Amino acid sequence: MSQNETVERPVNFIRNIINADLDTKLHENVQTRFPPEPNGYLHIGHAKSICLNFGLAEDYKGQCNLRFDDTNPAKEDLEYVESIKRDVSWLGFNWSGDICYSSSYFDQFYNYAVELIKKGLAYVCFLNADETREYRGTLTEPGKDSPYRDTSVEDNLALFEKMKNGEFKEGECVLRAKIDMSSSFMCMRDPALYRIKFAHHHQTGDTWCIYPMYDFAHCISDAIEGISHSLCTLEFQDNRRLYDWVLENLNDFDRPDRPHQYEFSRLNLEYTVMSKRKLHQLVDDGLVEGWDDPRMPTISGMRRRGYTPASIRDFAERIGVSKVDSMTEMGILEAAVRDDLNKVAPRTMAVMDPIKVVIENYPEGEVESIQAPIHPQNEEMGKREIFFSRELYIDRADFMETAPNSKYQRLAIDKEVRLRNAYIIKGERFETDADGNFTTIYCSYDPETLGKKPADGRKVKGVIHFVEATKALPAEFRIYDRLFTVENPAKEDDFEAVINPDSLVVKNGFVEPGMAGSEPEKAYQFEREGYFCRDNKSANQQVYNRTVALRDTWSQQK
RNA sequence: AGGGCUGUGGCCAAGUGGUAAGGCAUCUGGUUUUGAUCCAGUGUACCGCAGGUUCGAAUCCUGCCAGCCCUGCCA
């Protein structure tokens with residue numbers, strides 16, 4: 001085993017390759033890169049790639065670049081480069097050195113294209129898009145050579161220069177690699193290397209009117225940056241032949257330690273969509289509030305929802321890396337957040353669907369202060385002040401007139417229950433409105449049960465949460481659920497038709513007064529309910545987003 | 001015979017010839033002023049199927065089946 005190998009992380013096929021390359025001294029160190037195209041917001045699938053690339057660099061004491069793959073100005077925008085930088089930083093990763101842009105290598109790409117032309121390996125082709133498609137052949141039939149394939153090197157050089165100088169119209173011609181029109185790899189049938197676009201580029205302005213294609217730019221960018229292991233997703237497996245072809249035909253890069261591409265499977269998560277196109281569509285069609293809607297699988301959405309960087313990194317580690325097309329259960333993501341939040345989230349109580357409770361034997365006008373632990377398993381987090389008085393709120397779900405069975409542990413008439421952090425109370429009677437909904441529950445309390453069990457030894461198993469009515473702060477709760485009703489919405493003809501109508505349910509209730517100064521994005525556990533954070537877009541109001549509910553083994557049992 | 005990949009318990013995923021890790025989920029106990037957490041325990045996995053090689057195969061060979069990707073001047 002290589003001494004460079006670390007023991008903490010789970011093994012995967014990429015680590016095996018790296019270990020082998022280090023052992024054979026093919027590479028001295030590990031250099032990776034995360035290469036997003038700035039044409040949308042990052043999502044949890046990107047997070048998997050970010051954690052992989054940056055994680056590898058960290059573990060092997062190598063480096064990882066953040067490189068914007070900005071070769072198509074028509075689709076890209078500065079807004080996206082800003083959001084991507086923000087998301088990567090938020091996840092806790094530091095790119096090595098300055099941010100990289102493929103566009104900063106445009107001069108070099110141009111020169112390498114000239115090198116290929118001079119070697120007779122590239123030519124300017126005037127076939128239009130339709131003709132090119134016809135000439136390409138099909139999956140089962142070879143293509144045929146372009147009539148421009150045998151243009152002389154001198155003419156190609158001149159033509160390519162004219163392309164650069166804007167002497168041709170958009171779409172009039174492209175620079176193509178001269179490879180093999182009968183290759184079984186479609187991407188090897190004389191692929192386009194450069195196309196004309198009179199578009200303003202967010203980095204290079206109007207300097208260029210020709211832009212390199214992904215397959216030409218990506219491998220060279222990797223090589224320029226000295227990337228050792230270039231990791232991408234499965235759909236680029238065929239493209240690897242072109243990646244290799246380009247580098248092997250360029251004098252600067254035709255060497256054993258040039259970058260090599262390895263492909264892993266992209267993340268698919270149940271009940272959501274991961275393609276940028278579909279995510280764009282949800283935003284554009286107004287089906288969600290925006291890229292950072294807490295129901296979106298985007299990094300910014302998850303952040304607003306209350307996910308932490310630690311939980312996302314842990315998730316990435318838990319799902320591993322392989323080449324299998326897979327569909328990951330939401331449960332793994334949820335388990336990862338719960339594990340993190342359970343440790344760090346201060347506990348507090350919130351009543352999201354309030355019913356008034358009147359403690360009839362409690363003195364009128366009196367408000368009692370109680371010190372409650374901020375985290376029952378972690379004394380060091382200290383205490384918080386909560387209140388108790390004659391009037392309280394409990395959650396509607398915690399009261400029934402009569403217990404349905406012996407397992408019922410909540411409040412009912414003639415049944416005792418513990419109020420979390422406070423006294424044991426007993427249901428006495430109730431009032432309803434005209435529709436039969438409970439409006440007020442009248443209870444009695446046992447004054448000898450604050451912080452202790454009943455002296456007579458009677459058992460009170462149930463515990464419900466509450467807030468004191470006069471000091472409670474009104475708050476809005478946004479209860480989020482899966483965005484789609486089916487496991488794999490991408491498979492639907494119209495994925496927007498299977499959006500979960502209950503993916504957001506808004507409730508209005510109360511939180512403890514101590515929540516007045518709660519920070520946006522900071523995780524709290526509303527005891528017995530779940531993990532919540534103050535919405536980062538509603539800073540002046542008491543608005544809480546539910547990150548994830550507590551694990552519930554009870555409601556499933558019926 | 002287009003080509004490239006992949007098939008290990010419900011979901012992820014180790015394993016690369018020596019007799020199937022781990023996580024999530026499930027279920028069962030215990031603790032508990034969160035039906036949470038925590039603790040302990042819990043799986044007959046025909047290792048896609050069928051042959052073959054071998055003392056021995058998830059691992060090697062052959063054939064088959066299934067799924068995903070490839071015919072953008074997108075990435």
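Throughout, protein chains are lettered first and strands after them, A, B, ... in sequence-line order, and every chain is numbered starting at 1. Please read all numbers here as calculations on a predicted model, not as lab measurements.
No engagement by A:A336 is indicated, since no non-hydrogen atom pair under 4.0 Å with the nucleic acid exists. The residue A:L127 sits close to a base: some heavy atom pair falls under 4.0 Å. Nucleic acid contact class of A:D69 (heavy atoms, under 4.0 Å, all strands): sugar-phosphate only. Heavy atoms of A:A335 sit under 4.0 angstrom from primed sugar atoms or phosphate atoms, though from no base atom. In this structure, A:E529 reaches neither bases nor backbone, as no heavy-atom distance under 4.0 Å exists between it and the strands shown. Residue-level contact check: A:T71 touches the backbone only, with heavy atoms under 4.0 Å from sugar-phosphate atoms and none from bases.
Side-chain N/O atoms of A:E317 and base N/O atoms of B:G23 include no donor-acceptor pair closer than 3.5 Å. Contact of A:R189 with B:U71 (side chain to base): no donor-acceptor pair of N or O atoms is detected under 3.5 Å. Side-chain N/O atoms of A:R133 and base N/O atoms of B:G72 include no donor-acceptor pair closer than 3.5 Å.
Between A:Y80 and A:H280, the ring-plane angle classifies as perpendicular under the 30° and 60° cut-offs. Ring geometry for A:F388 versus A:Y445: interplanar angle of 30 to 60°, hence tilted.
Scanning both residues, A:M274 and A:L279, for their nearest heavy atoms gives O-CD2, 4.1 Å.
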Under 3.5 Å for both distances, Watson-Crick or G-U wobble, that's the pair rule; now give the dot-bracket for RNA chain B, with | marking pairs to another strand and [ ] for crossing ones.
-> .(((((((.[[[..)..(...]]]..((((.......))))......[[[[[..)....]]]]])))))).....
